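In what follows, a structure is listed as structure tokens, so that the remarks can point back to it.
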Amino acid sequence: MENLTFDIDELYQAVKERALSEGAYTPEEWNDAIDMVIQDREECGEVHDDEELSAVKEQLKARYEEFKSEIQEA
């Protein structure tokens, strides 16, 4: 298995920034932002382990409520 060059918190921040910049506030839009960030990382060659990617995506999807609470505080 490859050693990935990112951590979940760093990815969460990237997804959050993308979601905020695009006005993506619904769960569906959050999931789309996750897919776009992961796709960008794949194209750059940063990630390439499909099994690991699906676990990372699930972890990020589970953090939607955290994202939602952060935007409500802003």
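Remember, it's a predicted structure, so these values are computed and weren't measured experimentally.
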I'd like to know if V56 and M36 are part of one continuous hydrophobic network [Ile/Leu/Val/Met/Phe/Trp/Tyr, side-chain heavy atoms within less than 4.5 Å].
no
On a heavy-atom basis, which atom in G23 and which in E29 lie closest, and how many Å separate them?
O-OE1, 3.8 Å
Are any non-hydrogen side-chain atoms of R63 and I8 less than 4.5 angstrom apart?
yes
As a test of understanding, state which of K61, R18, R41, K57 forms a salt bridge (charged side-chain N to carboxylate O under 4.0 Å, His left out) with D35.
K57
Quick one: are F67 and L20 in side-chain contact, heavy atoms under 4.5 Å?
yes
Tell me, do E22 and D32 make a side-chain contact under 4.5 Å, heavy atoms counted?
no
Looking at CG of D7 and OH of Y12, how far apart are the two atoms once the value is rounded to the nearest 0.5 Å?
13.5 Å
Do the non-hydrogen side-chain atoms of I34 and L11 ever get within less than 4.5 Å of each other?
no
Using side chain to side chain donor-acceptor pair (under 3.5 Å), reason through E17 and Q13 one step at a time and then give a plain yes or no.
CA-CA 6 Å; E17 289 172 16; Q13 290 301 321; over 6 Å; no
Rounded at 0.5 Å granularity, tell me how far SG in C44 sits from CD in Q39.
10.5 Å
Would you say the side-chain atoms of W30 pair up with the backbone N or O of E65, donor to acceptor, closer than 3.5 Å?
no
